[in-house]
Amino acid sequence: MTLGFHERRRRRRGRWRVFKRALGLALVIAAGAFAYQIGADLAERDVTRLEREIASLSEEIAALQGENADLRAALSAAELEAERWRRRYQQDVPSGVEKELLDLVAKRLAAGVAADRLAFVIGAANNARSCDDAPVTKRFIVQTPWTKGANDSVGFADGTITVTGQGVSAIDAQGNPEAWFDPAKPVTLRFTELGGESSQISGKLPLHHSVVAGGDEYRFTITAGALSFVEVTGDKCRYP
């Protein structure tokens with residue numbers, strides 16, 4: 001009888017251990033299922049959120065692409081307009097010799113020369129020249145920062161046109177400035193008429209210049225002469 005009791009007790013304990021194991025396994029499975037469900041819900045929420053963000057970003061990208069296309073179109077239109085104005089400027093605005101002539105006309109008008117007189121002179125001008133063909137050559141010393149003295153000018157047209165000049169000092173082998181000008185460097189020549197009106201030219205020799213005075217045109221050619229000197233050759237021509 002005692003053995004039977006112990007056997008039944010052992011069997012109850014065995015069943016209880018099996019039950020506890022089964023219960024524990026069921027709890028683990030339930031917890032896993034619960035965690036999986038929670039994870040799935042969270043993942044679904046994240047996916048939904050991400051899908052909304054992707055949709056929003058896609059809309060922004062589409063809007064930016066549209067703006068970019070509009071900007072490219074505007075830039076293309078602006079470039080075409082700029083090119084049109086550039087061509088129009090080149091066609092309408094004078095340059096080179098034409099600009100120089102217009103500037104000269106404007107200068108003469110500002111000086112008080114009548115427009116009809118300018119029109120007459122321009123209309124009468126031609127390439128054929130009627131000159132005395134008796135050129136006169138004179139020379140003078142080109143002044144530099146180290147040159148001060150006589151023989152610094154020459155006169156033409158009975159002294160009504162005076163020519164003077166400024167140059168750059170020549171440099172010796174030691175790098176010191178000389179008293180004479182360097183004929184290889186640009187010079188500036190001034191032509192002053194009786195009454196004070198003057199004009200000037202600058203550049204490397206030889207140079208050419210014309211002055212209208214007393215109803216005649218005086219044409220000058222300036223070349224380098226002996227040390228310190230330039231030679232000025234002038235010829236009188238009919239004007240215009």
Side-chain angles (χ1 to χ4, degrees), residues 82 86 89-90 93-113 118 121 125 127 129 131-240:
R86 184 186 67 81
Y89 178 85
Q90 291 178 341
V93 178
S95 60
V97 176
E98 291 182 357
K99 184 178 185 303
E100 292 178 3
L101 290 174
L102 286 176
D103 290 343
L104 182 58
V105 169
K107 182 178 179 181
R108 301 310 297 165
L109 288 173
V113 179
L118 285 175
V121 171
N127 289 327
R129 295 170 183 163
C131 300
D132 289 350
D133 291 330
V136 176
T137 300
K138 300 180 180 182
R139 69 175 191 169
F140 69 92
I141 296 176
V142 174
Q143 300 299 293
T144 71
W146 297 87
T147 304
K148 301 293 182 183
N151 203 13
D152 59 351
S153 66
V154 290
F156 289 86
D158 297 326
T160 59
I161 301 175
T162 300
V163 186
T164 58
Q166 293 286 332
V168 179
S169 295
I171 303 297
D172 64 15
Q174 287 72 41
N176 300 312
E178 302 280 9
W180 51 86
F181 83 106
D182 186 346
K185 298 292 180 63
V187 297
T188 298
L189 299 171
R190 181 175 295 277
F191 299 79
T192 304
E193 300 175 42
L194 191 65
E197 186 173 355
S198 66
S199 59
Q200 71 177 36
I201 55 171
S202 298
K204 293 183 178 180
L205 299 172
L207 294 172
H208 306 277
H209 189 62
S210 294
V211 175
V212 176
D216 295 311
E217 178 185 8
Y218 292 87
R219 302 183 60 82
F220 298 98
T221 297
I222 305 93
T223 59
L227 189 66
S228 294
F229 287 88
V230 292
E231 293 185 349
V232 184
T233 300
D235 195 10
K236 185 174 72 170
C237 303
R238 186 176 63 84
Y239 181 79

| Is there a donor-acceptor pair closer than 3.5 Å between any side-chain N or O of Lys138 and the backbone N or O of Gly155? | yes
| field | Closest heavy-atom pair and its distance - Ala184, Lys204 | value | O-CE, 3.6 Å
| query | CG of Asp235 to CZ of Arg219: how many Å apart, nearest 0.5 Å? | reply | 9.0 Å
| request: Please name the pair of heavy atoms, one in Gly165 and one in Leu189, separated by the smallest distance, quoted to 0.1 Å. | output: CA-CD2, 3.8 Å
| request: Calculate, to the nearest 0.5 Å, the distance between atoms CD and OG1 belonging to Glu231 and Thr223 respectively. | output: 5.0 Å
| request: To the nearest 0.5 Å, tell me how far Glu217 CD sits from Cys131 SG. | output: 7.0 Å
| request: Rounded to the nearest 0.5 Å, what's the gap from NE2 on His209 to CD1 on Ile222? Could you check? | output: 8.0 Å
| remark: Minimal heavy-atom distance between His208 and Ile201, with the atoms involved, is O-CD1, 3.8 Å
| request: Output the distance between atom OG (Ser153) and atom CD1 (Ile141), rounded to the nearest 0.5 Å. | output: 10.5 Å
| Just wondering, do Val232 and Phe140 contact through their side chains at under 4.5 Å, heavy atoms? | yes
| field | Validation row: Pro177, Ile171 side chains within 4.5 angstrom (heavy atoms) | value | yes
| field | Backbone of Ala179 reached by a side-chain donor or acceptor of Thr147 within 3.5 Å | value | yes
| task | Please say whether more than 12 non-hydrogen atoms of neighbouring residues, nucleotides or ligands are located less than 6.0 Å from CG in Asp158. | result | no
| said: Donor-acceptor check, side chain of Glu178 to backbone of Asn176, threshold 3.5 angstrom: yes or no? | reply: no
| said: Counting neighbours of NZ on Lys107 that are heavy atoms of other residues, nucleotides or ligands and sit closer than 6.0 Å, is the number greater than 12? | reply: no
| query | Any side-chain heavy atom of Gln143 sitting closer than 4.5 Å to one from Thr164? | reply | no
| request: Could you tell me which non-hydrogen atom of Ile161 sits nearest to which non-hydrogen atom of Ala213, and how far apart they are? | output: CD1-CB, 4.1 Å
| query | Once the angle between the rings of Phe191 and Phe220 is folded into 0 to 90°, is it parallel (under 30°), tilted (30 to 60°) or perpendicular (over 60°)? | reply | tilted
| Gap between atom CG of Asp182 and atom CG of Leu205 - 0.5 Å precision | 10.0 Å
| remark: Nearest heavy-atom approach of Pro145 to Gly167 is CD-O, 4.1 Å
| task | For residues Val154 and Arg139, report the shortest heavy-atom separation together with the two atoms involved. | result | CG1-O, 3.2 Å
